[in-house]
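What follows is a single structure, written as C-alpha coordinates, with notes after it.
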Amino acid sequence: MKNIIEIVRNVDQLMVPQNFVGIGSTRKVFRFKNWVIKKHLHEIGFIQSQNEQKIHHALKEKGLANYVAPILYLDEKISIQPYVQALPLVNGEKFDIDFKTDLRISANLKAAIEEIDRIHDGFDFLDSSNYGEDEHGQLMLLDYGMTKNLYETKWVPLAEAGVLPQIYFEPCTKCGVEKELRIYGENDMDRRCYECGKE
(Lines give C-alpha, C1' and ligand atoms only; values in the text may rest on other atoms or scores of the structure.)
Protein backbone atom coordinates (compact mmCIF):
# COMPACT_ATOMS: atom_id res chain seq x y z
CA MET A 1 0.00 0.00 0.00
CA LYS A 2 2.97 2.31 0.58
CA ASN A 3 3.68 2.37 -3.16
CA ILE A 4 0.06 3.30 -3.94
CA ILE A 5 0.26 6.21 -1.47
CA GLU A 6 3.43 7.43 -3.20
CA ILE A 7 1.75 7.20 -6.61
CA VAL A 8 -1.22 9.23 -5.38
CA ARG A 9 1.08 11.88 -3.86
CA ASN A 10 3.07 12.22 -7.09
CA VAL A 11 0.38 11.41 -9.65
CA ASP A 12 0.71 14.66 -11.64
CA GLN A 13 4.42 13.99 -12.16
CA LEU A 14 3.66 10.41 -13.27
CA MET A 15 0.91 11.20 -15.80
CA VAL A 16 3.41 12.37 -18.42
CA PRO A 17 3.90 11.44 -22.11
CA GLN A 18 6.73 8.95 -21.45
CA ASN A 19 4.38 6.93 -19.17
CA PHE A 20 1.41 7.05 -21.56
CA VAL A 21 -0.15 3.65 -22.38
CA GLY A 22 -3.46 4.37 -24.11
CA ILE A 23 -6.58 6.48 -24.26
CA GLY A 24 -10.29 5.73 -24.44
CA SER A 25 -13.25 8.02 -24.71
CA THR A 26 -13.49 8.68 -20.96
CA ARG A 27 -10.14 7.63 -19.42
CA LYS A 28 -6.45 8.05 -20.24
CA VAL A 29 -4.01 5.37 -19.07
CA PHE A 30 -0.44 5.73 -17.80
CA ARG A 31 1.97 3.12 -16.51
CA PHE A 32 4.30 3.48 -13.54
CA LYS A 33 6.31 0.35 -12.72
CA ASN A 34 3.78 -2.41 -11.87
CA TRP A 35 0.70 -0.18 -11.81
CA VAL A 36 -1.51 1.64 -14.25
CA ILE A 37 -3.09 4.99 -13.50
CA LYS A 38 -6.39 5.67 -15.21
CA LYS A 39 -7.06 9.41 -15.41
CA HIS A 40 -10.77 10.21 -15.59
CA LEU A 41 -11.29 12.49 -18.61
CA HIS A 42 -15.02 12.74 -17.99
CA GLU A 43 -17.49 11.98 -15.20
CA ILE A 44 -18.40 8.78 -17.05
CA GLY A 45 -14.79 7.59 -16.61
CA PHE A 46 -15.14 8.06 -12.85
CA ILE A 47 -18.43 6.13 -12.88
CA GLN A 48 -16.73 3.31 -14.83
CA SER A 49 -13.98 3.09 -12.20
CA GLN A 50 -16.58 3.10 -9.40
CA ASN A 51 -18.40 0.26 -11.17
CA GLU A 52 -15.17 -1.70 -11.51
CA GLN A 53 -14.45 -1.34 -7.80
CA LYS A 54 -17.97 -2.54 -6.89
CA ILE A 55 -17.95 -5.39 -9.42
CA HIS A 56 -14.51 -6.66 -8.42
CA HIS A 57 -15.54 -6.72 -4.75
CA ALA A 58 -18.66 -8.75 -5.63
CA LEU A 59 -16.66 -11.17 -7.79
CA LYS A 60 -14.04 -11.63 -5.08
CA GLU A 61 -16.73 -12.66 -2.59
CA LYS A 62 -17.79 -15.39 -5.04
CA GLY A 63 -14.23 -16.54 -5.82
CA LEU A 64 -14.39 -15.24 -9.42
CA ALA A 65 -11.92 -12.36 -9.33
CA ASN A 66 -8.64 -14.10 -10.28
CA TYR A 67 -8.70 -12.88 -13.89
CA VAL A 68 -10.37 -9.51 -13.36
CA ALA A 69 -8.05 -6.60 -12.51
CA PRO A 70 -8.88 -4.96 -9.16
CA ILE A 71 -9.14 -1.25 -8.41
CA LEU A 72 -6.43 -0.61 -5.81
CA TYR A 73 -7.23 3.09 -5.36
CA LEU A 74 -10.02 5.38 -6.53
CA ASP A 75 -10.87 9.05 -6.30
CA GLU A 76 -12.65 11.49 -8.63
CA LYS A 77 -9.46 12.15 -10.60
CA ILE A 78 -7.86 8.70 -10.99
CA SER A 79 -8.04 4.99 -10.38
CA ILE A 80 -5.07 2.64 -9.96
CA GLN A 81 -4.87 -1.01 -11.03
CA PRO A 82 -2.05 -3.56 -11.27
CA TYR A 83 -0.25 -3.43 -14.61
CA VAL A 84 -1.08 -6.20 -17.07
CA GLN A 85 0.27 -6.22 -20.63
CA ALA A 86 -2.51 -5.07 -22.96
CA LEU A 87 -3.32 -7.18 -25.98
CA PRO A 88 -1.61 -5.89 -29.13
CA LEU A 89 -3.64 -4.38 -31.95
CA VAL A 90 -4.08 -6.39 -35.15
CA ASN A 91 -3.35 -4.33 -38.27
CA GLY A 92 -3.54 -1.19 -36.13
CA GLU A 93 -6.96 -1.84 -34.62
CA LYS A 94 -8.66 -3.76 -31.85
CA PHE A 95 -10.56 -6.97 -32.58
CA ASP A 96 -13.26 -9.23 -31.17
CA ILE A 97 -12.26 -11.92 -28.67
CA ASP A 98 -13.45 -15.38 -29.76
CA PHE A 99 -14.72 -17.00 -26.56
CA LYS A 100 -15.22 -20.37 -28.25
CA THR A 101 -11.70 -20.85 -29.60
CA ASP A 102 -9.32 -18.60 -27.61
CA LEU A 103 -7.37 -20.94 -25.32
CA ARG A 104 -6.19 -18.05 -23.11
CA ILE A 105 -9.66 -17.67 -21.60
CA SER A 106 -9.91 -19.52 -18.29
CA ALA A 107 -13.10 -21.07 -16.94
CA ASN A 108 -12.84 -18.59 -14.05
CA LEU A 109 -12.79 -15.62 -16.44
CA LYS A 110 -15.76 -16.98 -18.39
CA ALA A 111 -17.70 -17.40 -15.15
CA ALA A 112 -16.75 -13.87 -14.05
CA ILE A 113 -17.92 -12.40 -17.36
CA GLU A 114 -21.21 -14.28 -17.13
CA GLU A 115 -21.66 -12.90 -13.62
CA ILE A 116 -20.85 -9.32 -14.69
CA ASP A 117 -23.28 -9.63 -17.59
CA ARG A 118 -26.10 -11.19 -15.58
CA ILE A 119 -25.82 -9.29 -12.29
CA HIS A 120 -24.02 -6.04 -13.08
CA ASP A 121 -25.44 -5.06 -16.50
CA GLY A 122 -22.06 -5.72 -18.13
CA PHE A 123 -21.20 -4.52 -21.61
CA ASP A 124 -18.58 -4.83 -24.38
CA PHE A 125 -16.97 -8.15 -23.46
CA LEU A 126 -15.76 -8.99 -26.98
CA ASP A 127 -13.55 -5.89 -27.40
CA SER A 128 -9.88 -6.90 -27.21
CA SER A 129 -8.89 -3.48 -25.84
CA ASN A 130 -10.60 -4.44 -22.57
CA TYR A 131 -8.16 -7.30 -21.92
CA GLY A 132 -4.56 -7.99 -21.09
CA GLU A 133 -2.47 -11.15 -20.88
CA ASP A 134 -0.85 -12.19 -17.61
CA GLU A 135 2.57 -13.81 -17.17
CA HIS A 136 1.00 -17.27 -17.58
CA GLY A 137 -0.62 -16.42 -20.92
CA GLN A 138 -4.14 -16.16 -19.50
CA LEU A 139 -6.47 -13.33 -20.50
CA MET A 140 -7.34 -10.83 -17.79
CA LEU A 141 -10.27 -8.41 -17.93
CA LEU A 142 -8.94 -4.89 -17.35
CA ASP A 143 -11.76 -2.57 -18.40
CA TYR A 144 -15.24 -3.66 -17.30
CA GLY A 145 -17.01 -0.66 -15.77
CA MET A 146 -19.15 0.38 -18.74
CA THR A 147 -22.66 -0.97 -18.20
CA LYS A 148 -25.38 -1.19 -20.84
CA ASN A 149 -27.40 1.46 -19.01
CA LEU A 150 -24.43 3.84 -18.68
CA TYR A 151 -23.62 3.36 -22.37
CA GLU A 152 -27.16 3.92 -23.63
CA THR A 153 -28.27 6.76 -21.32
CA LYS A 154 -25.02 8.72 -20.87
CA TRP A 155 -22.28 7.74 -23.33
CA VAL A 156 -24.28 7.52 -26.60
CA PRO A 157 -25.97 10.95 -26.25
CA LEU A 158 -22.63 12.61 -25.45
CA ALA A 159 -20.87 10.84 -28.33
CA GLU A 160 -23.64 11.83 -30.75
CA ALA A 161 -23.35 15.43 -29.51
CA GLY A 162 -19.59 15.41 -30.13
CA VAL A 163 -18.66 15.73 -26.45
CA LEU A 164 -17.09 12.26 -26.26
CA PRO A 165 -15.08 10.74 -29.12
CA GLN A 166 -16.12 7.76 -31.18
CA ILE A 167 -13.42 5.60 -32.75
CA TYR A 168 -13.08 5.41 -36.54
CA PHE A 169 -10.52 3.32 -38.43
CA GLU A 170 -9.17 5.64 -41.15
CA PRO A 171 -5.85 7.04 -42.47
CA CYS A 172 -4.47 9.88 -40.37
CA THR A 173 -4.26 13.04 -42.50
CA LYS A 174 -0.89 13.94 -40.99
CA CYS A 175 1.14 10.69 -40.83
CA GLY A 176 -0.90 8.81 -43.44
CA VAL A 177 -1.08 5.60 -41.38
CA GLU A 178 -4.47 3.86 -41.20
CA LYS A 179 -5.35 3.59 -37.52
CA GLU A 180 -7.99 4.31 -34.91
CA LEU A 181 -8.94 8.00 -34.88
CA ARG A 182 -10.90 9.86 -32.20
CA ILE A 183 -13.85 11.63 -33.86
CA TYR A 184 -16.05 14.09 -31.96
CA GLY A 185 -19.44 14.04 -33.71
CA GLU A 186 -20.39 14.13 -37.39
CA ASN A 187 -19.03 17.66 -37.92
CA ASP A 188 -15.49 16.80 -36.74
CA MET A 189 -13.27 17.00 -39.83
CA ASP A 190 -9.96 16.69 -37.93
CA ARG A 191 -8.69 13.27 -39.04
CA ARG A 192 -5.37 13.27 -37.19
CA CYS A 193 -4.41 10.39 -34.89
CA TYR A 194 -3.52 10.72 -31.23
CA GLU A 195 0.21 10.44 -31.97
CA CYS A 196 -0.06 13.37 -34.41
CA GLY A 197 -1.62 15.61 -31.79
CA LYS A 198 -5.38 15.02 -31.65
CA GLU A 199 -6.63 14.11 -28.20
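We count residues from 1, following the sequence as given.
Side-chain polar atoms of His40 and Ser49 form a donor-acceptor pair below 3.5 angstrom. If you check the side chains of Gln48 and Thr26, you find a donor sitting under 3.5 Å from an acceptor. Between Asp127 and Ser129, the side chains place a donor N or O and an acceptor N or O closer than 3.5 Å (distance only, hydrogens not considered).
Here Trp155 contributes atom CH2 and Asn149 contributes atom CG; the two are 15.0 Å apart, rounded to the nearest 0.5 Å. For the atom pair Tyr83 OH and Arg31 CZ, the distance stands at 4.0 Å (nearest 0.5 Å).
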Open item on the list: For Tyr67 and Asp134: C-alpha separation, side-chain torsions, deciding distance, then whether side chain to side chain contact (heavy atoms under 4.5 Å, CB included) applies.
Closed with: CA-CA 9 Å; Tyr67 293 99; Asp134 73 7; 3.4 Å; yes
Open item on the list: Does His42 form a side chain to side chain contact (heavy atoms under 4.5 Å, CB included) with Leu158? I'd like the steps, not just the answer.
Closed with: CA-CA 11 Å; His42 188 274; Leu158 290 173; 3.5 Å; yes
Open item on the list: Go through it in stages, so that I can follow the logic: the residues are Val68 and Met140, the test is side chain to side chain contact (heavy atoms under 4.5 Å, CB included), and I'd like the CA-CA distance, side-chain angles, deciding distance and then a yes or no.
Closed with: CA-CA 6 Å; Val68 179; Met140 179 167 276; 5.9 Å; no
TODO: For the pair Glu114 and Ile116, evaluate side chain to side chain contact (heavy atoms under 4.5 Å, CB included) and give the outcome as yes or no after the intermediate values.
DONE: CA-CA 6 Å; Glu114 287 170 9; Ile116 297 169; over 6 Å; no
Open item on the list: Show, in sequence, the C-alpha distance, side-chain angles and deciding distance for Lys179 and Tyr168, and conclude whether the side chain to side chain donor-acceptor pair (under 3.5 Å) test is met.
Closed with: CA-CA 8 Å; Lys179 59 173 77 173; Tyr168 288 68; over 6 Å; no
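Aromatic ring orientation, Phe30 versus Phe20: perpendicular (interplanar angle above 60°, classes split at 30° and 60°).
For the pair Gln85 (side chain) and Gly132 (backbone), a donor-acceptor distance under 3.5 Å is absent. Without hydrogens or angle criteria, Arg182 side chain to Gly24 main chain gives a donor-acceptor distance under 3.5 Å. No donor-acceptor pair closer than 3.5 Å links the side chain of His136 to the backbone N or O of Gln138. Using modelled atom types, one side-chain atom of Asn19 and one backbone atom of Leu14 make a donor-acceptor pair closer than 3.5 Å.
Applying the salt bridge (Lys or Arg N to Asp or Glu O under 4.0 Å) test to pairs two or more places apart or on separate chains, those with a residue in residues 59-74 are Lys62-Glu115. Sorted by first and then second residue, the salt bridge (Lys or Arg N to Asp or Glu O under 4.0 Å) pairs involving residues 137-161 (not counting sequence neighbours) are Arg27-Asp143, Asp117-Lys148. Residue pairs that meet the salt bridge (Lys or Arg N to Asp or Glu O under 4.0 Å) test with at least one member in residues 165-178, sequence neighbours left out, are Glu170-Arg191. Within the structure, salt bridge (Lys or Arg N to Asp or Glu O under 4.0 Å) contacts touching residues 64-84 (residues at least two apart or in different chains) are Asp12-Lys77.
With a 4.5 Å cut-off on side-chain heavy atoms, Val177 and Cys193 do not count as touching.
Annotation: side-chain hydrogen bond (donor to acceptor under 3.5 Å, both in side chains) contacts of Thr101 (sequence neighbours excluded): Asp98. The side-chain contact (heavy atoms from CB on, under 4.5 Å) test applied to Asp188 returns Ile183, Tyr184, Asp190, Lys198, not counting sequence neighbours.
Closest approach of Ala65 to His56, counting heavy atoms only: CB-NE2, 3.5 Å. Heavy-atom minimum distance, Gln81 versus Ala69: NE2-O, 3.4 Å.
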